[in-house]
There are 2 protein chains.
Amino acid sequence: MSVKIKDVAKEANVSVATVSRVLNNVPLVNEETKKRVLEAIERTGYKPNAIARSLKMQKTNTFGIMIPDIASSYFTEVVRGVEDICNMYDYNIILCNTDSEEQKEQTYLDVLIEKQCDGILYIGRGISQELKKKMVDSKVPLVTGAIHDYEYSIPSVMVDNEKAAYDMTKYLISLGHKKIAHFSDGHHNSLIAREKEEGFRRAMQEEGLALPKEWELMGEISIRGGYKMMDALLKENNRPTAVMATNDEVALGAIRRAGEEGLSVPKDISISGFNNFNISEWVQPSITTVAQPMYDIGAVCARMLIKMINKEEVENQNIIMRHDIIERESTATVK
Amino acid sequence: MSVKIKDVAKEANVSVATVSRVLNNVPLVNEETKKRVLEAIERTGYKPNAIARSLKMQKTNTFGIMIPDIASSYFTEVVRGVEDICNMYDYNIILCNTDSEEQKEQTYLDVLIEKQCDGILYIGRGISQELKKKMVDSKVPLVTGAIHDYEYSIPSVMVDNEKAAYDMTKYLISLGHKKIAHFSDGHHNSLIAREKEEGFRRAMQEEGLALPKEWELMGEISIRGGYKMMDALLKENNRPTAVMATNDEVALGAIRRAGEEGLSVPKDISISGFNNFNISEWVQPSITTVAQPMYDIGAVCARMLIKMINKEEVENQNIIMRHDIIERESTATVK
DNA sequence: CTGAAAGCGCTTACAG
DNA sequence: CTGAAAGCGCTTACAG
């Protein structure tokens, strides 16, 4: 059916070896011959078969990327960063949505290994013990994004979540808030949630502020999740003056629910987010947040993985990206 | 380095053919032998090499998916739908962000063909002549999402954009609006923009309403794009009472800019969106929009492509999905 | 029920 | 500078 290297060789009156050489720009081909081959390729409309090439070369030029859900703004940005770099370096990515389910993660990992991916990017909230072991054992080059594993010290690119949460809490406190609730990710495997929790507590304790149980809500990371957590919080008699939400979507849901209750944000209650999603500066009120360079996290992950594959030395194997507090309309000094 | 089928064969004292048979569940293998092979696989930790298999079978079980930008909410949802179905049927997807640039599209198409993708999903706003020809000539099974090509009648899954825009315009008119602006996609290749434009005009003309040039804005499809278009509109003396934006992000940007001007939405101006993104019911005001089943469009595209590859008959090659007007807070009767 | 062998479409060490 | 041949890791028609 389709034309193969053999057909081109026949057309150009050379051997397949020669055709292969011009295809791969091996220098020692006679200019005349090369021209003839190029013409034959043109005439026949030949396209190399990358699968055959991969089998021979033991290299597929494709990465697997495992994320919880592409429909979640955070991962969407990271993936875009990954893909742009991959495109520059002639890699492609196989996208795997795991929903943070271990079963799916295991299955995808097997597929990625079987499809001989040159490397794997794992972007997530945390990795289960089992998967971690399996990944490391597989010997496939691996980089994690958004999280870091201390057990195997897998190369990683992330933000200092503990510090980021600490900074945001301190910021809220600097506004005069002493009663602060925390809406966090309820997923059992979330390393990030634990780190943020620690930062939050450290800041509160430093100031000698109370941490009542009813102000530590856990739920789904989504607008609806934020809505529900605010709903639960409002049922309490003891109301905080500020809420630190684990991301901007959660903050948005919380703002919506507060508004329905007749509470004006930030006049009656301050609400902060995390990540600085693109909507956050546009919604009303715009959301005070901790910006983190999601696109760059993806891009740096990809670059690091490519370096590893090329056996280049990677000086810093655990890159911490910068975060920034962005003050906007959803927070204000306590009245 | 890694264990191959030959190693398993040796371990189990059978031929590679036999190992391959148990791997592929070919029935005519002795139970006893099968068990021995399975044990050998277990012991050696053998993982099949899908690349070798693909070369032999002429099937990679991977699709290429070309979209403008995964960071755009519309495509994010569609891709999730695609991936979920692919996962069910043991396909993987190679994600390609083209930014609607023809150069990137051409390059990606070549790569997808060379990597022997079993099929390609093209989700976009429109296809250039050249790319269309190249895709069709390549003979790779192809489905388009969000758009339909009338020239080659490529199988497609989409919403009736003309009718959807018509319906939304009619809805705004039913609210008493006679002065309606339209914020649309400025990309030169956007088929969708042209269809919506037609629907908008048809509705307006049916009612004998004017279509002044200054109310037909074109810009970038994004929150910022909507902000800018509203900014331009507000510079006109002649102000409409309603704006139909080409999607919810554009609407959000427009709402923001209107607010900055001291205009209250919907009291002073009604603004409608398109697509029903997940934020749209949560922002304040929530956005009146035309819902379209983005996830399902992706899912149906994937299913159709799989059917085509399996040579199953696809009765309806141009599937029109349902759209719905969702009335929310950003539109109101004209005062 | 099982094995030897050919072949999928490439690349490259080796020989000339 | 060029070609014949081996080999990447599988599957399967063929023969037994």
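Quantities reported herein were computed from a predicted structural model and do not represent experimental measurements. Every chain is numbered from 1, with letters handed out A, B, ... down the list of sequences.
Heavy-atom distances under 4.0 Å link DNA chain D to T18(A), R21(A), L28(A), V29(A), N30(A), T33(A) of residues 18-34 of chain A, given in residue order. If you check residues 5-17 of chain B against DNA chain D, the residues with a heavy atom closer than 4.0 Å are I5(B), A17(B), listed by number.
The list of salt bridge (Lys or Arg N to Asp or Glu O under 4.0 Å) pairs with a residue in residues 302-318 of chain B, not counting sequence neighbours, is empty. Screening residues 101-124 of chain B for ring-ring contact (aromatic ring centres under 6.0 Å, His included) gives no qualifying pairs among residues at least two apart or on separate chains.
Taking SG from C86(B) and CG from L305(B), the interatomic distance works out to 7.5 Å, rounded to the nearest 0.5 Å.
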Name each donor-acceptor pair under 3.5 Å that joins a side chain in residues 29-40 of chain B to protein atoms two or more places apart or in another chain, with its distance.
| unit_1 | atom_1 | unit_2 | atom_2 | d |
| --- | --- | --- | --- | --- |
| N30(B) | OD1 | E32(B) | N | 2.6 |
| N30(B) | OD1 | T33(B) | N | 3.3 |
| R36(B) | NE | A12(B) | O | 3.0 |
| R36(B) | NH2 | A12(B) | O | 3.2 |

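Comparing the C1' positions of dT12(C) and dG16(C) gives an interatomic distance of 16 Å, to the nearest angstrom.
The salt bridge (Lys or Arg N to Asp or Glu O under 4.0 Å) check on K59(A) picks up D118(A), with sequence neighbours excluded. For R43(A), the salt bridge (Lys or Arg N to Asp or Glu O under 4.0 Å) criterion is met by E11(A), not counting sequence neighbours. Partners of K132(B) according to the salt bridge (Lys or Arg N to Asp or Glu O under 4.0 Å) rule, which considers only residues two or more places apart in sequence or in another chain, are D149(B), E151(B). By the ring pair (Phe, Tyr, Trp, His ring centres under 6.0 Å) test, F63(B) is found to be paired with Y91(B), residues two or more places apart in sequence or in another chain being considered. The ring pair (Phe, Tyr, Trp, His ring centres under 6.0 Å) test applied to H187(A) returns no partner, not counting sequence neighbours.
For DNA chain C, the contact window with chain A, defined by any atom under 4.0 Å from a protein heavy atom, covers dG9(C) to dA13(C) in 5' to 3' order.
Under a 3.5 Å cut-off, the side chain of T44(A) and the backbone N or O of I41(A) do form a donor-acceptor pair.
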Checklist entry - I70(B) and E83(A): side-chain contact (heavy atoms from CB on, under 4.5 Å), yes or no, with the steps? => result CA-CA 10 Å; I70(B) 191 65; E83(A) 216 268 321; over 6 Å; no
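Just one of T98(B), I123(B), T144(B) meets the side chain to side chain contact (heavy atoms under 4.5 Å, CB included) condition when paired with M66(B); it is T98(B).
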Item to check | Secondary structure string for DNA chain C (Watson-Crick or G-U under 3.5 angstrom, | for other-strand pairs) | outcome: |||.||||||||.|||
